[in-house]
Protein chains: 2
Amino acid sequence: MENQSASRVKTTETSFEMLEALFQEGEATREELEERLGMATSTVHRHLATLQEYGYVVRGPEGYRLSFKFLTFGGFLRREVPGYSMVKQKIDDLASQTDERAQFIIREGTDRVYLYTEIGDNPVQTGAHTGRRGPIHSSAAGKAIVAFLPAEEREQVIDSISLEQTGPNTITDPERLREDLAEIRERGYALNREESTAGVHAIGAPVTVNDDEIIGAISVSGPATRLKSDRLENELPDLVLAATNELELHIEHS
Amino acid sequence: MENQSASRVKTTETSFEMLEALFQEGEATREELEERLGMATSTVHRHLATLQEYGYVVRGPEGYRLSFKFLTFGGFLRREVPGYSMVKQKIDDLASQTDERAQFIIREGTDRVYLYTEIGDNPVQTGAHTGRRGPIHSSAAGKAIVAFLPAEEREQVIDSISLEQTGPNTITDPERLREDLAEIRERGYALNREESTAGVHAIGAPVTVNDDEIIGAISVSGPATRLKSDRLENELPDLVLAATNELELHIEHS
DNA sequence: AGACTATTCCGATATTGCGGGAAGATTTGG
DNA sequence: CCAAATCTTCCCGCAATATCGGAATAGTCT
């Protein structure tokens, strides 16, 4: 079935391959790109000229690199998320209340994307995860989002998830995932015990506005040794649910 | 001279025009894009398929929109900035010390780009400016960067700046700008009195590592009524310079 | 200042993007 | 639950234009 690519634009794909290469290389000379992509000098040059014209690529000290246009677009998109202006405060509160990492994520297809994160006691790393992605099924916040989707959409998402394993307890069986999601719906929040990363537990809950529109999810995560027993199953869920409720109210009243 | 565009890739330009349109529209149907760009249904469709394949565009509830891949790329690029992991703490400190807005910017050509901002007393809006751009000559931090560039590069930048007016006192004359930059070099910091925005003053200083490599600049900005006389010319410059010095040391010792 | 390297320009070939229309899928209304 | 309407996707011929290789120009280093 090669007609998959028949409905795509090959020239644009070439330009995008160049962007991906620059993303991975960080900074590359025209020659490096030439080799990496197996293209003629003039071709690489012409594409780079176009990428620069639109501001996606700039010249660095020793080669070409991606520009901050991506941050410009990304930052703008983030501000467009309904209620985003109130997310920061809630996450900061939650981080200092729990002294753990708190985060707000959204779903994009079968990925979770971190829009804002903060750490309680260690304020050095804020924003360290901004824009990061991961499969949606292997995190508490991700599962919380999927759990509360309308049944049909939910099934569609489950079917298209790769269910790849990223941690010791990652759910890799669709049926097992459905059971977990049902539990999450009953409880109102999601748990993740070393499903995304070894040694990390997390609690997540969805942020829902207008009764059924899920705009994202909030979660708290930290070392398994600190997030366990009563704290994991009562104290932290209460705090997370309080945060999501407050956020929902703030959004609806604005 | 139409041979400007002769060395560019038109198909990629078309794809990029679509991205720009989606950026401005926020979310658009295929038909809206068709009209806006004056292209055939199949063409728009083919380009959108390609943009989706590479993850730059996703389908929203009522049309197509830009994806958070831009934030993923942008967030990654930001983390690559030397010393970025220490920027947050310094900016947060500066914001709470001054109770004003503090920011870290970098230069990209003749633009300044905000990488991180924080407000002292009002923590609601953090990150509200992430990724935003403006002409480099109309801000304190921007001028601080240009002022300390090597003479040659500095002239090159001055020559390519548009010198557009964005505030009541924006410098629009190259000679006037050169004088101001010389003053900034003597003083060690830059002032901006309503040059970028009416009613806003700011103090900025460059962040330099390895003796001459300018990685960005820090500035504090606020209402002209609060940032004036001794505070503007002594107290705040001291704080800003202390912050840049500390940041420089942290970066060099890491 | 001269040699070397890197960048940009140019022209011929054929690949591939384009528009129009048909087929297929999905939604809306009766 | 079926039919009409609408939106999305596919296909095909034509011509635009992306590609490659090489030459000219600009830039850099010794």
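Below, read A as the first sequence line, B as the second, and so on, with proteins coming before strands; counting in each chain starts at 1.
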### Message
Under a plain distance cut-off of 3.5 Å, with no hydrogens placed, do B:Q24 and B:R36 share a side-chain donor-acceptor pair?
### Response
yes
### Message
If we ignore hydrogens and angles and just use 3.5 Å, is the side chain of B:T29 paired with the main-chain N or O of B:E32 as donor and acceptor?
### Response
yes
### Query
Over how many whole Å does the gap from B:R8 atom CZ to D:dA16 atom P extend?
22 Å
### Query
What residues, two or more places apart in sequence or in another chain, satisfy ring-ring contact (aromatic ring centres under 6.0 Å, His included) together with B:Y56?
A:F16, B:F70
### Query
What is the distance from CG of B:L37 to C1' of C:dG17, rounded to the nearest Å?
16 Å
### Task
Check the pair B:R133, B:E108 against salt bridge (Lys or Arg N to Asp or Glu O under 4.0 Å), reporting the backbone distance first and the verdict last.
CA-CA 9 Å; B:R133 285 167 180 271; B:E108 202 160 80; 2.8 Å; yes
### Query
Taking atom P of D:dT6 as reference, at what distance in whole Å does atom CD of B:E32 sit?
17 Å
### Message
For A:R178 and A:E155: C-alpha separation, side-chain torsions, deciding distance, then whether salt bridge (Lys or Arg N to Asp or Glu O under 4.0 Å) applies.
### Response
CA-CA 9 Å; A:R178 284 192 187 87; A:E155 278 305 315; 2.7 Å; yes
### Query
salt bridge (Lys or Arg N to Asp or Glu O under 4.0 Å) with A:K143: which of A:E183, A:E179, A:E195?
A:E195
### Message
For a quick check under 3.5 Å, do B:Q165 and B:T172 share a side-chain donor-acceptor pair by atom type?
### Response
no
### Task
Look at B:R30 and D:dC7 and indicate whether a side-chain polar atom (N or O) is within less than 4.0 Å of OP1 or OP2.
no
### Query
Does A:T50 use its side chain to pair, donor to acceptor, with the backbone of A:R46 at less than 3.5 Å?
yes
### Task
For the helix from C:dA1-D:dT30 to C:dG30-D:dC1, figure out the bend between the end axes, five pairs an end, and round to 10 degrees.
60°
### Query
In residues 18-25 of chain B, what residues come within less than 4.0 Å of DNA chain D, judged by heavy atoms?
none
### The single option from B:L181, B:I214, B:D180, B:I184 passing side-chain contact (heavy atoms from CB on, under 4.5 Å) against B:V146
B:L181
### Summary
Whichever of A:E31 and A:T12 has the more 5' nearest nucleotide on DNA chain C, that residue is A:E31
### Query
Cation-pi between B:R79 and B:F76: NZ/CZ under 6.0 Å from ring centre and within 45° of the ring axis?
no
### Summary
Rounded to whole Å, the CG-P distance (B:L51 to C:dG17) equals 13 Å
### Query
Going by distance alone, is a donor N or O of one side chain under 3.5 Å from an acceptor N or O of the other, for B:R132 and B:T117?
no
#### Entry: Protein-to-nucleotide contact annotation, 5' to 3' order, nucleotides 18-23 of chain C [B base; S sugar-phosphate only; - none; under 4.0 Å, heavy atom]
BBB---
### Message
Taking only side-chain N and O atoms of A:R59, does any of them lie within less than 4.0 angstrom of OP1 or OP2 on C:dT7?
### Response
yes
### Query
Rounded to whole angstroms, how far apart are CD on B:E62 and P on D:dT8?
12 Å
### Message
With heavy-atom distances below 4.5 Å as the criterion, would you say the side chains of A:E13 and B:Y54 are in contact?
### Response
yes
### Task
Determine yes or no for a side-chain-to-main-chain donor-acceptor pair under 3.5 angstrom, with B:R107 supplying the side chain and B:I136 the backbone.
no
### Query
Can you name the side chain to side chain donor-acceptor pair (under 3.5 Å) partners of A:D173, sequence neighbours left out?
none
I'd like a table of atom pairs between the protein and nucleotides 23-30 of chain D - only N or O on both sides, under 3.5 Å - with the distance next to each one.
none

### Task
Please state whether the phosphate of D:dT9, meaning OP1 or OP2, lies under 4.0 angstrom from any side-chain nitrogen or oxygen of B:H45.
yes
### Task
For A:E13 and D:dT19, give me the distance from atom CD to atom P, rounded to whole Å.
12 Å
### Task
Find the distance A:L48:CG to D:dT19:P and express it as a whole number of Å.
12 Å
